[in-house]
Amino acid sequence: MDADLYPDLVAAGSLGALLERTAAELALDITVVPGHSDVTAGIAASADGRKPLTVHIGAERRWFGVTGWSRGIEMVAGGTTDLGDVVRAGVAWGSGKSLGELGELLPWLASGEFARAAERGPADAVEVAWRRLGEQAAEAPEFPEFGALVEATRAEPRLRQLFPFSSMWRVGFRAGLGNGHPPAVVVIPGDATRPYRVQRNLAYQGGEDWRDEYLIGEAGTAEEAAALAAAHVPADLGPAVAGPDDL
């Protein structure tokens with residue numbers, strides 16, 4: 001930490017202590033959550049599902065960054081030189097103000113498209129995820145099997161209602177948003193030399209060594225793979241839901 005940039009932080013002893021002092025000066029009530037070092041901290045949130053607003057400092061210039069997560073999703077982030085605004089952000093975030101209200105109150109706070117969709121509800125977030133998956137496929141014309149898989153899985157009603165995601169060209173489906181739900185099923189695209197593979201999780205050891213103990217089956221086409229994957233989604237799974245509060 002550069003003492004010339006943060007003389008007040010040095011004097012306070014830690015970012016948490018400095019946040020508390022700033023809140024007292026503003027007559028605002030916050031509960032500071034200790035960070036993993038003296039230059040990080042959190043401001044506790046009482047709103048359901050919201051984690052503490054995390055705060056950190058910039059290294060090369062005086063700057064305070066914040067991030068707010070809820071149910072496994074980064075909902076808001078931003079940075080400012082005004083520590084008072086950081087405290088105000090913590091209060092607003094913790095009280096449950098909407099993303100739109102946060103942006104109006106503190107324009108330096110930003111929320112992405114997916115976060116705004118998740119705030120409206122899981123169905124909107126799922127729709128955004130499917131659109132982004134389609135865009136990813138469109139940007140990879142050299143891998144038509146991936147694009148075919150995205151189209152085929154989206155056409156399956158049992159898969160269409162779940163949260164889709166892609167990792168290393170594998171297409172997975174979760175029962176909820178964020179990482180709090182394990183994949184219900186995963187499909188690995190085929191190509192000219194290998195079939196499509198449907199399996200129970202993301203396990204992969206590198207190269208061509210796909211974990212056979214998780215294999216459900218193989219298929220020659222994207223449509224067959226999508227049908228096989230849909231058939232192995234538990235009957236009581238879906239539509240997608242929000243992640244658990246403790247994420």
Side-chain angles (χ1 to χ4, degrees), residues 1-122 124-125 128-129 163 176-181 241-247:
M1 176 180 56
D2 190 328
D4 291 333
L5 293 176
Y6 301 98
D8 48 354
L9 199 161
V10 172
S14 70
L15 181 57
L18 182 58
L19 288 169
E20 289 177 338
R21 190 179 76 184
T22 304
E25 292 170 352
L26 296 171
L28 294 174
D29 184 23
I30 65 171
T31 299
V32 169
V33 178
H36 56 77
S37 72
D38 287 341
V39 295
T40 61
I43 300 175
S46 59
D48 288 346
R50 290 192 175 182
K51 307 298 285 185
L53 187 75
T54 61
V55 187
H56 63 276
I57 68 171
E60 298 181 357
R61 61 185 179 88
R62 184 179 173 88
W63 177 85
F64 301 95
V66 305
T67 307
W69 286 73
S70 177
R71 297 184 171 91
I73 299 170
E74 182 183 293
M75 301 296 286
V76 67
T80 178
T81 59
D82 187 337
L83 193 60
D85 268 359
V86 171
V87 171
R88 295 182 187 95
V91 172
W93 166 258
S95 68
K97 287 191 179 298
S98 70
L99 298 183
E101 290 171 329
L102 288 169
E104 291 181 3
L105 180 65
L106 299 159
W108 54 272
L109 287 176
S111 297
E113 178 190 29
F114 182 72
R116 295 191 297 272
E119 183 180 54
R120 293 192 298 271
D124 280 4
V128 169
F163 176 71
L177 313 184
N179 296 324
H181 300 266
V241 298
D245 287 353
D246 58 354
L247 279 182

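Here, residue 1 is the first one in the sequence, and each next residue gets the next number. Keep in mind the model is a prediction, meaning the values are calculated, not measured.
Taking each heavy atom of L102 and A92 in turn, the nearest pair found is CD2-CB, 3.4 Å. The heavy-atom pair separating A47 from G96 by the smallest distance is CB-CA, 3.5 Å. Nearest heavy atoms, F163 versus A129: CE1-CB, 3.5 Å. The shortest heavy-atom contact between A242 and P122 is N-CG, 3.5 Å. Heavy atoms only, all atoms of each residue included: A41 and V32 are closest at CB-CG1, 4.3 Å. Residue P52 comes nearest to A44 through the heavy atom pair CB-CA, 4.1 Å, listed as atom of the first residue, atom of the second, then distance.
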| query | Does the side chain to side chain contact (heavy atoms under 4.5 Å, CB included) test come out yes or no for T81 and F64, once each step is laid out? | reply | CA-CA 6 Å; T81 59; F64 301 95; 5.7 Å; no

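The side chain to side chain donor-acceptor pair (under 3.5 Å) pairs that include a residue from residues 87-102 are D85-R88, S98-E101, where partners are two or more places apart or lie in different chains. Listed by first and then second residue, the ring pair (Phe, Tyr, Trp, His ring centres under 6.0 Å) pairs that reach into residues 7-45 come to none, sequence neighbours excluded. Within the structure, the ring pair (Phe, Tyr, Trp, His ring centres under 6.0 Å) test picks out no pair touching residues 7-26 (sequence neighbours left out).
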Please output the side-chain donor-acceptor pairs of residues 7-31 that fall under 3.5 Å, not counting sequence neighbours, one pair per line with the distance.
{"from": "D8", "atom 1": "OD1", "to": "R62", "atom 2": "NH1", "distance (Å)": "3.1"}
{"from": "D8", "atom 1": "OD2", "to": "R62", "atom 2": "NH2", "distance (Å)": "2.6"}
{"from": "S14", "atom 1": "OG", "to": "A17", "atom 2": "N", "distance (Å)": "3.1"}
{"from": "T22", "atom 1": "OG1", "to": "L18", "atom 2": "O", "distance (Å)": "2.8"}

Let me check something: any side-chain donor-acceptor pairs from residues 112-121 under 3.5 Å, sequence neighbours excluded? List them with distances.
{"from": "E113", "atom 1": "OE1", "to": "R131", "atom 2": "NH2", "distance (Å)": "2.7"}
{"from": "E113", "atom 1": "OE1", "to": "R132", "atom 2": "NH2", "distance (Å)": "3.4"}
{"from": "E113", "atom 1": "OE2", "to": "R131", "atom 2": "NH2", "distance (Å)": "2.1"}
{"from": "R116", "atom 1": "NH1", "to": "S111", "atom 2": "O", "distance (Å)": "2.3"}
{"from": "E119", "atom 1": "OE2", "to": "L99", "atom 2": "N", "distance (Å)": "2.9"}
{"from": "R120", "atom 1": "NE", "to": "D124", "atom 2": "OD2", "distance (Å)": "2.8"}

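Evaluation of the ring pair (Phe, Tyr, Trp, His ring centres under 6.0 Å) rule for W63 yields H56 as partners, not counting sequence neighbours.
Residues Y6 and L83 form no side-chain contact, since every pair of their non-hydrogen atoms from C-beta on lies 4.5 Å or further apart.
Looking only at distances, a side-chain donor or acceptor of T54 sits under 3.5 Å from a matching main-chain atom of T67.
For the atom pair CG of L109 and CG of L53, the computed distance is 7.5 Å after rounding to the nearest 0.5 Å.
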